[in-house]
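So the structure is just underneath, and the comments pick up after that.
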Amino acid sequence: MGAHNKETFSFAELDLLAGEILPERVLLSLAGPPTGDGHRTEVFYACQSTYYAGTSGLLGTGLLAEGAKTTMTCVPAVTNSY
Amino acid sequence: MSTPATSTIDDAEPCTLPTLTEGAELVGEFKGSGYREPPQLVSLPNRQLVRLPPLLFQVVKALHDHRHLAGTIDPRIALDAVATEVSRAAGARISGEQVLFLVDRKLAPLGVTTYSNGARPQLVKPDTFLGLRFKLAVFPESATWILAGLFSWLFTPVAMIFAFAAVFLSEVWVLGTQSVGDALHRAILAPESILMVLGLAIASCVFHEIGHAAACRYSGVRPGVMGCGIYLVWPAFYTDITESYRLGRGGRIRTDLGGVYFNGIFLVGLTLVYLQTGFQPLLLVILTVNFEIIQQLLPTLRFDGYYIISDLVGIPDLFKYIKPILRRTLLRRAADERLKALKRWPQMIVTLWVLTVIPALAFQLTLIAVRVPELVVSDWRMIEGLGRAAAAGAGPLQLITAGLQILLLILPLLGLALLAYRLVRWLVVKAVRYVQGPAPEPALPGA
């Protein structure tokens, strides 16, 4: 409100004054892609698991024995976009 | 906005001289503003900032300057002294009664001063349109201050020149010479690399936030807390830099751009690792970070691009001007007082922003709303699929990858549920107010 050539303020003029609580400034970043168009791609893997029982070693003594192990091999089998 | 404990405008005498709220601080001019009359800032005890027109600030300052008179002399005499100081500063006479009027009607409801009857004001948070409502602070201010201090040297002119050159060279080399298609193919072949891509993309977001905090510290004010939350329907990280209102235009814009600047530095780091290792999935991360930068600079929602425009024009809250600008432009109504208070160029830029960005924003929000059922079904299907794959004997890395992906799918659904709750609550409040009718406006003294 300018008061350059005024002598007094009226209550009506003062009632027009307004302050404002400023919004908090919170700068953010999205952790996932902002999808809104619903497009997705799914990849389905075909996995094969192989179990190897191992060996008991030389003459069953445990010498040079090999432990049991499992291996998993996965390949992308189906890709689905929608 | 809070309701006054008791209005004493009609009372014969004030009980006490109103004072500045305990813990509040007179900050001074809001620099580089887009208002015709430069507004002044007051910081409240809860670190919120209040923008006041010059006359209201002069009243607050005069009350603060005469606080030593509270309780020592007749409040009427103290008020007259305050009114005299305000009249001198404003160049026009204001009475003690008018000072009380401004205190009880304008200042105390904002939490800036006590009421004329001595009652303390309630401090309320503003209802920020499309703000980040659901959030959790992870790093307190003290931790953010230390973290920001580790990286603020990156804003020195010499460091920035080197950083910009490195970012430019990295981008030209990666995007111009490397094949992202091959990288995508290799990532699909090795599902564990998805975990790495996810992890690095999240690390880039965190580093982005550190960039804002570091820029804030370099510019000379304290950054606030850092944490995470859900913004509309998306999981997000955030940094509270409300104190940057104290800065000039340049400092505020530096703080806004600090995030994407740090994304650029992250890109340089990724490129160097890729040069050393030749690990193709890193190219996917580089592409993801580039998309992050582009998305951040969009001025629609409250991303960095919005705050950059807001600080360029010097208007803290652009969303407040949507209604008056649409009323003037579409309904051909006269410009309201809020628009008349703006300088010419800021008014034009805000009008342009409203007329271009708001349709895009409405489209984006409508798209999200329309896709909600599909999002729920597809997310649930993906969660089931990931769960089945995990139960079928997947290795630990695949389990962790599946778990993270499930989390990133659940969070948008949670965001939707919270939005729906807020919408229902808003509708209920509106309906109750409609039924009760508007509250009567208090009469002006002497009317």
Side-chain angles (χ1 to χ4, degrees), chain A residues 1-54 67-82, chain B residues 48-53 55-56 90-94 98 101-102 106 110 126 128 131-132 188-189 191 202 205 208-209 212 231 234-242 244-245 256 259 292 295-296 304 307 316-317 337 364 367-368 371 374-375 378 382 385 389 392-395 408 444-446:
Chain A
M1 170 185 297
H4 305 291
N5 297 314
K6 294 175 62 60
E7 287 199 9
T8 58
F9 291 103
S10 69
F11 278 98
E13 284 170 329
L14 296 178
D15 199 38
L16 293 177
L17 293 174
E20 174 196 6
I21 298 178
L22 296 180
E24 57 180 6
R25 285 171 65 96
V26 169
L27 297 182
L28 52 90
S29 50
L30 301 184
T35 57
D37 59 4
H39 285 142
R40 301 289 168 100
T41 299
E42 283 179 310
V43 180
F44 295 93
Y45 292 90
C47 296
Q48 179 179 306
S49 173
T50 307
Y51 176 71
Y52 174 63
K69 56 187 174 193
T70 306
T71 55
M72 175 78 73
T73 307
C74 291
V75 294
V78 175
T79 305
N80 186 18
S81 290
Y82 54 93
Chain B
Q48 286 182 110
L49 282 143
V50 177
R51 176 183 67 81
L52 295 176
L55 183 60
L56 286 183
R93 226 170 59 75
I94 190 170
Q98 288 175 320
F101 172 82
L102 290 177
K106 307 291 175 184
L110 290 173
T128 309
L132 178 64
I188 289 176
L189 281 179
I202 289 172
C205 289
H208 174 103
E209 295 306 322
H212 288 308
Y231 182 57
W234 304 299
F237 297 104
Y238 75 92
T239 309
D240 185 336
I241 48 123
T242 304
S244 64
Y245 280 125
D256 298 336
E292 265 179 44
Q295 172 257 306
Q296 275 297 337
D304 296 355
Y307 285 105
D317 194 355
E337 293 301 318
Q364 194 174 11
L367 204 61
I368 292 172
R371 295 281 183 184
E374 201 179 310
L375 178 74
S378 72
M382 286 188 79
L408 285 175
L444 293 179

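A note on names: the letters A, B, ... follow the listed sequences, proteins ahead of strands, and every chain is numbered from 1. Side chains included, hydrogens not; waters and symmetry mates left out as well; all remaining heavy atoms used.
Thr239(B) touches chain A through backbone and side chain together, each having a heavy atom under 4.5 Å away. Only the side chain of Gln48(B) comes within contact range of chain A, with at least one heavy atom under 4.5 Å from a heavy atom of that chain.
Counting only distance, with no hydrogens or angles, the side chain of Glu7(A) and the backbone of Gly91(B) share no donor-acceptor pair below 3.5 Å. Remark: side-chain polar atoms of Gln98(B) are not paired, donor with acceptor, to backbone N or O of Leu14(A) under 3.5 angstrom.
Comparing Ile241(B), Leu56(B), Leu132(B), Val50(B) by heavy-atom pairs within less than 4.5 Å of chain A, the highest count is held by Ile241(B). Ranked by heavy-atom pairs under 4.5 Å with chain A, the first of Ile202(B), Leu52(B), Asp256(B) is Asp256(B).
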What's the verdict on side-chain contact (heavy atoms from CB on, under 4.5 Å) for Leu27(A) and Asp304(B), showing C-alpha distance, side-chain angles and the deciding distance? CA-CA 6 Å; Leu27(A) 297 182; Asp304(B) 296 355; 4.0 Å; yes
Run Gln296(B) and Leu30(A) through side-chain contact (heavy atoms from CB on, under 4.5 Å) and show every step you take. CA-CA 9 Å; Gln296(B) 275 297 337; Leu30(A) 301 184; 5.6 Å; no
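Between the CZ atom in Arg25(A) and the OH atom in Tyr238(B) there is a gap of 16.0 Å [rounded to 0.5 Å]. Here the straight-line distance linking atom OH of Tyr231(B) with atom CG of Leu28(A) works out to 6.5 Å at 0.5 Å rounding. Summarising the geometry, atom CG belonging to Leu16(A) is positioned 6.0 Å from atom CD belonging to Glu337(B); distances are rounded to the nearest 0.5 Å. For the atom pair CD1 of Ile21(A) and CG of Leu110(B), the computed distance is 5.5 Å after rounding to the nearest 0.5 Å.
The minimum heavy-atom distance linking Pro23(A) with Tyr245(B) is given by the pair O-OH, 2.7 Å. Across all non-hydrogen atoms, the minimal contact from Pro53(B) to Ala18(A) is CD-O, 3.4 Å.
Between the side chains of Glu209(B) and Ser29(A), at least one donor N or O sits under 3.5 Å from an acceptor N or O.
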